[in-house]
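Below, all heavy atoms of this structure are taken into account, side chains as well, without hydrogens, waters or symmetry copies.
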There are 2 protein chains.
Amino acid sequence: MSANTESQKYQQQRLQAIRSAAAVFAEKGFHGSSTRDIAEHMGIKQGSLYYYFKSKEEALGEVCLFGIEDYVEHMKVIAASDQSFESKLMATITSHLSSYRERNEALKVYNDERLYLPEEKRRNLKVLGSGYRQLLEEIFEEGVRSGALRGSIDCHFAAQAVIGICNAWGDIIVRDPDLDLFDIIQKCTDLLINGFRERRTIERSNPSNNKTDRI
Amino acid sequence: MSANTESQKYQQQRLQAIRSAAAVFAEKGFHGSSTRDIAEHMGIKQGSLYYYFKSKEEALGEVCLFGIEDYVEHMKVIAASDQSFESKLMATITSHLSSYRERNEALKVYNDERLYLPEEKRRNLKVLGSGYRQLLEEIFEEGVRSGALRGSIDCHFAAQAVIGICNAWGDIIVRDPDLDLFDIIQKCTDLLINGFRERRTIERSNPSNNKTDRI
DNA sequence: GCAGAATTCTATAGATCTATAGAAATAAAG
DNA sequence: CTTTATTTCTATAGATCTATAGAATTCTGC
């Protein structure tokens with residue numbers, strides 16, 4: 001009873017249970033899903049689910065954690081890489097939107113249902129989530145320092161805005177599988193970098209002078 | 001029993017019931033809210049709620065409708081007004097974010113819970129929702145025609161992006177009442193119009209030549 | 001104050017749903 | 001083949017929750 005929780009099969013099955021919970025929660029929401037729904041999704045009976053979870057709430061916690069873990073890891077790789085600001089931004093958007101397309105329902109559950117977790121678990125997840133935002137924020141700060149971005153931008157706002165726009169499009173992508181993912185990635189990146197305004201301007205075009213001092 | 005549904009008091013109380021349902025649904029989600037919660041919020045007993053709604057689902061439908069109605073009306077006014085693209089965009093963002101700040105919980109419910117409605121009601125709401133997006137899209141198209149916006153932008157994408165970013169910030173605003181609404185409105189507008197990139201460019205500054213032909 | 005209408009209440013049927021206990025089945029090991 | 005551990009099942013207690021029926025109360029106009 002205590003030794004088995006380490007067994008390989010148990011861990012595999014538990015992972016399967018987390019995936020099933022993710023799929024069901026993503027579709028019906030936490031309160032709209034019953035433990036019977038989840039069990040059915042993984043092909044066992046309702047009562048058997050409690051071999052893997054102490055409670056329905058624990059299942060939600062595991063799904064949320066599962067949803068954001070890799071995600072933050074991936075962001076660390078992007079942040080640490082040696083690319084231009086623009087490439088990093090695009091990589092971030094690609095990572096975020098691809099998650100949704102790959103039916104990473106767990107990420108959706110993290111976004112939409114985590115507030116139904118008890119205070120403490122929510123705080124733990126918040127640490128991970130703000131780690132993600134923090135990394136993105138640092139990418140923006142670096143962009144400002146390198147002169148790629150306007151010095152006037154609010155990096156906290158910017159990071160939040162990127163996450164917001166990605167989540168919004170993520171939801172749309174999930175519902176419409178015909179959408180061209182790469183097209184949207186490009187348009188999001190373009191919007192965030194260039195905005196929508198027509199530029200009646202002439203490029204000064206001295207690419208060597210990249211660093212501009214600013215206050 | 002049939003005549004009273006026209007009475008003034010009935011309509012007032014029913015409106016109150018819709019507001020209560022909106023508040024409770026916004027906080028706990030549709031499936032996480034009980035009819036007891038809603039009734040308690042408006043100071044009556046659970047059973048009495050059914051004097052105003054045929055079912056819990058009907059309540060959700062009414063809340064969603066209530067949430068988006070004025071909203072679309074307001075958008076019509078903005079779209080029909082005689083302002084620059086930039087002003088219209090800012091007015092749209094202001095309208096959207098103010099809604100959230102004014103605890104228009106119904107709008108949040110529309111955004112997050114409408115998919116739990118039966119097929120038919122969802123379709124009816126979709127008509128309203130896409131009317132909203134359509135108006136915003138037309139504002140963008142007009143912006144392109146007038147030369148204020150790049151000819152290369154995808155107006156459908158743009159409208160969707162604005163809605164997405166507003167919803168994302170709306171959620172943040174609701175949770176953090178200390179945030180400066182006007183500051184966020186300005187930053188959102190600025191982002192959408194100008195993007196984040198530093199411009200190593202010189203304005204040509206001939207404001208008279210507003211219309212530029214494009215393919 | 002009274003009659004009828006409008007509003008709210010109490011009580012409950014019937015259908016969930018979560019979590020637990022213990023039996024049954026399956027797999028692993030000697 | 002037998003014993004033991006792991007996994008799944010059945011059955012159910014106990015706590016919801018929605019919706020309805022009919023009684024009780026409050027309001028309105030005379």
Side-chain angles (χ1 to χ4, degrees), chain A residues 1-64 109 113 116-118 121, chain B residues 1-64 109 113 116-118 121:
Chain A
M1 194 195 248
S2 61
N4 72 327
T5 56
E6 315 260 324
S7 92
Q8 200 180 355
K9 179 171 181 198
Y10 178 82
Q11 290 302 339
Q12 274 178 3
Q13 284 289 81
R14 190 176 141 97
L15 188 65
Q16 200 50 53
I18 292 171
R19 281 190 216 277
S20 289
V24 176
F25 288 158
E27 193 193 332
K28 306 186 175 191
F30 176 63
H31 290 113
S33 310
S34 71
T35 51
R36 157 171 272 110
D37 293 332
I38 299 168
E40 233 159 49
H41 188 277
M42 73 178 287
I44 61 177
K45 298 287 175 179
Q46 185 262 340
S48 308
L49 199 67
Y50 286 78
Y51 185 58
Y52 299 105
F53 300 120
K54 207 166 82 285
S55 68
K56 186 183 168 189
E57 198 175 87
E58 181 182 292
L60 177 60
E62 295 298 297
V63 170
C64 289
V109 175
E113 313 289 334
Y116 299 127
L117 285 169
K121 284 196 182 174
Chain B
M1 193 194 249
S2 60
N4 72 327
T5 58
E6 317 260 325
S7 92
Q8 199 181 354
K9 179 172 182 197
Y10 179 83
Q11 291 301 339
Q12 274 178 3
Q13 284 290 80
R14 190 175 141 97
L15 188 66
Q16 201 49 53
I18 292 172
R19 281 190 216 276
S20 289
V24 176
F25 288 158
E27 193 193 332
K28 307 186 174 190
F30 176 64
H31 290 113
S33 310
S34 72
T35 50
R36 159 171 271 110
D37 293 331
I38 299 168
E40 233 159 48
H41 187 279
M42 72 177 288
I44 61 176
K45 299 286 176 180
Q46 185 263 339
S48 308
L49 199 65
Y50 286 77
Y51 186 59
Y52 299 105
F53 300 119
K54 208 167 81 283
S55 67
K56 187 183 167 189
E57 200 175 85
E58 180 181 292
L60 177 60
E62 294 299 297
V63 170
C64 288
V109 175
E113 315 288 334
Y116 300 126
L117 285 169
K121 285 196 182 172

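- B/Y52 comes within contact range of the sugar-phosphate backbone alone, with a heavy-atom separation under 4.0 Å but no base atom that close.
- Comparing atom distances between the B/K56 side chain and each of C/dT7, D/dA19, D/dT7 picks out D/dA19 as nearest.
- If you find the closest nucleotide of DNA chain D to A/K45 and to B/D37, the one lying nearer the 5' end belongs to A/K45.
- Between the A/R36 side chain and the A/Q46 main chain, no donor and acceptor come within less than 3.5 Å of each other.
- B/E40 has its CD atom 15 Å from the C1' atom of C/dC9, to the nearest Å.
- Of the two residues contacting DNA chain C, namely B/Q46 and B/K9, the nearest-nucleotide position lying further toward the 5' end is that of B/K9.
- Across the protein-nucleic acid pair, B/L60 atom CG and D/dA19 atom P stand 12 Å apart, rounded to whole Å.
- Rounding to whole angstrom units, CZ of residue A/R14 and P of D/dT6 are separated by 17 Å.
- Here B/T35 lies in heavy-atom contact (under 4.0 Å) with sugar-phosphate atoms only.
- Going from atom CG of A/L49 over to atom P of D/dT10 covers 15 Å, rounded to whole Å.
- For the pair B/R36 CZ and C/dT10 P, the computed distance is 10 Å after rounding to whole Å.
- The nearest heavy atom of DNA chain D to B/K54 and to A/G43 marks one nucleotide each, and the one closer to the 5' end goes with A/G43.
- Nucleotide D/dT18 holds its P atom 15 Å from the CD atom of B/E58, rounded to whole Å.
- For A/Y50, whose side chain is taken as the heavy atoms from C-beta onward, the closest listed nucleotide among C/dT18, D/dT18, D/dT6 is C/dT18.
- B/Y52 and B/Q13 get closest at one heavy-atom pair: OH-CB, 3.3 Å.
- B/Y116 and B/H31 have perpendicular rings, their planes meeting at more than 60° on a 0 to 90° scale where under 30° would count as parallel.
- Straight-line distance from the NZ atom of A/K28 to the P atom of C/dT16: 12 Å, rounded to whole Å.
- B/H31 places its NE2 atom 13 Å from the P atom of C/dT16, with the value rounded to the nearest Å.
- Contact annotation: B/Y51 side-chain N/O to C/dT7 OP1/OP2 distance is under 4.0 Å.
- Distance check: B/E62 CD to B/K54 NZ gives 9.5 Å after rounding to the nearest 0.5 Å.
- Between A/R14 and A/E58 there is a salt bridge, since a side-chain N of the basic residue sits under 4.0 Å from a carboxylate O of the acidic one.
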